[in-house]
Amino acid sequence: MQPEELISQFQRKDIKAFERLYEMYAENICGVINTIVRDQTRAEEICHDVFIKIWEYSDRYDASKGRFFTWILNIARNAAIDELRSKSHKQQKLNLSTDYFVGRLEHPDEEEGEIDISRMQQMLKKLKKKCIELIELLYFKGYSQKEASGMLEIPVGTVKTRIRSCISQLRKNMNEQ
């Protein structure tokens, strides 16, 4: 079955399609969550919550805005960051680097044409040091823009402008690959 058909069935609340998508993506999603929270048991719990959430909000997925795996990955990343920001994790700021994070991801499903890890590493290496540092703080360590501003000792507006520029550069690097 083609991924588009499977996703369409999933959006129509087909349990078999949901089970198949869970089989396809749960291990990778759980791995990403574990990379962020660094607690396998909690990562598995969050992963289950993520799949419940995508089931409940399946109608919100829009293929024109991105790939299905990326949609789930963003939900998972946000859930993991919410966990880090929770009171139970507030005192444990985890030191993750992009090398650690990217190195831990497995190759995505080739059928959907997801970007491979070596390409991602190449694109990140092309960014300026300031961009890499900011992306690590905001996307991999879960800091807010305000927290990153304080850590880098730059205004919040500069953080917002810089991250927008960095993401644009990353997109440009992706298109060149």
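- Here the side chain of N34 pairs a donor or acceptor atom with the backbone of D39 at under 3.5 angstrom.
- In this structure, CG in D49 is found 9.5 Å from CD in E56, a value given to the nearest 0.5 Å.
- Look at E45 and R42 and you find a salt bridge, because one of the NZ, NE, NH1 or NH2 atoms lies within 4.0 Å of a carboxylate O, short of that distance.
- A donor-acceptor contact closer than 3.5 angstrom links the side chains of E44 and Q40.
- Checking side-chain atoms of Y61 against main-chain N and O of G66 turns up a donor-acceptor pair under 3.5 Å.
- For the pair K13 and W55, the cation-pi test (distance below 6.0 Å, angle within 45°) is passed.
- Checked against the 6.0 Å centroid threshold, F10 and F68 count as a close aromatic pair.
- Between atom NZ of residue K130 and atom CD1 of residue I154 there is a gap of 8.0 Å, rounded to the nearest 0.5 Å.
- Side-chain atoms of E136 do not come within 3.5 Å of backbone N or O of E133 as any donor-acceptor pair.
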Next item on the list: With side-chain contact (heavy atoms from CB on, under 4.5 Å) as the test, would you mind laying out the steps for I81 and Y143 before giving the verdict?
Entry: CA-CA 8 Å; I81 289 171; Y143 288 98; over 6 Å; no
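- C166 pairs with C131 as a disulfide, the SG atoms being under 2.5 Å apart.
- The minimum heavy-atom distance linking S149 with P155 is given by the pair OG-C, 3.6 Å.
- Using a 4.5 Å heavy-atom threshold, the side chains of D59 and Q11 count as separate.
- Here the straight-line distance linking atom CD1 of I46 with atom CG of N78 works out to 12.0 Å at 0.5 Å rounding.
- Between S168 and R164, the side chains place no donor N or O within less than 3.5 Å of an acceptor N or O (distance only, hydrogens not considered).
- Between A148 and L137, the shortest heavy-atom distance links the atoms CB-CD1, 4.2 Å.
- Within the 4.5 Å cutoff, the side chain of I33 has heavy atoms near those of the V37 side chain.
- I163 has its side chain within reach of I135: a pair of non-hydrogen atoms, C-beta onward, lies under 4.5 Å apart.
- With S165 contributing its side chain and T161 its backbone, the two residues share no donor-acceptor pair below 3.5 Å.
- Contact between I29 and A76 at its shortest, heavy atoms only, is CG2-CB, 3.6 Å.
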Item checked: CA sep, side-chain torsions, deciding dist, call: I54, W71, side-chain contact (heavy atoms from CB on, under 4.5 Å) -> CA-CA 9 Å; I54 68 164; W71 180 66; 3.7 Å; yes
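- Between R77 and I36 the shortest heavy-atom distance is CG-CD1, 4.1 Å.
- To the nearest 0.5 angstrom, R67 atom CZ is 11.0 Å from I7 atom CD1.
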Checklist line | Derivation of the side-chain contact (heavy atoms from CB on, under 4.5 Å) call for Q9 and K16 | finding: CA-CA 9 Å; Q9 288 177 355; K16 295 285 185 199; over 6 Å; no
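- In this structure, the side chains of I15 and E19 come closer than 4.5 Å at one or more pairs of heavy atoms.
- Using a 4.5 Å heavy-atom threshold, the side chains of Y57 and I75 count as separate.
- At a threshold of 4.5 Å between non-hydrogen side-chain atoms, the residues L6 and M24 count as touching.
- Taking every heavy atom of both residues into account, L127 and I132 meet most closely at O-CD1, 3.8 Å.
- Between V156 and K146, the shortest heavy-atom contact is CG2-CA, 4.1 Å.
- Taken to the nearest 0.5 Å, the NZ atom of K172 stands 9.5 Å off from the NZ atom of K126.
- Taking 4.5 Å as the limit, some side-chain heavy atom of Y22 sits within range of a side-chain heavy atom of H48.
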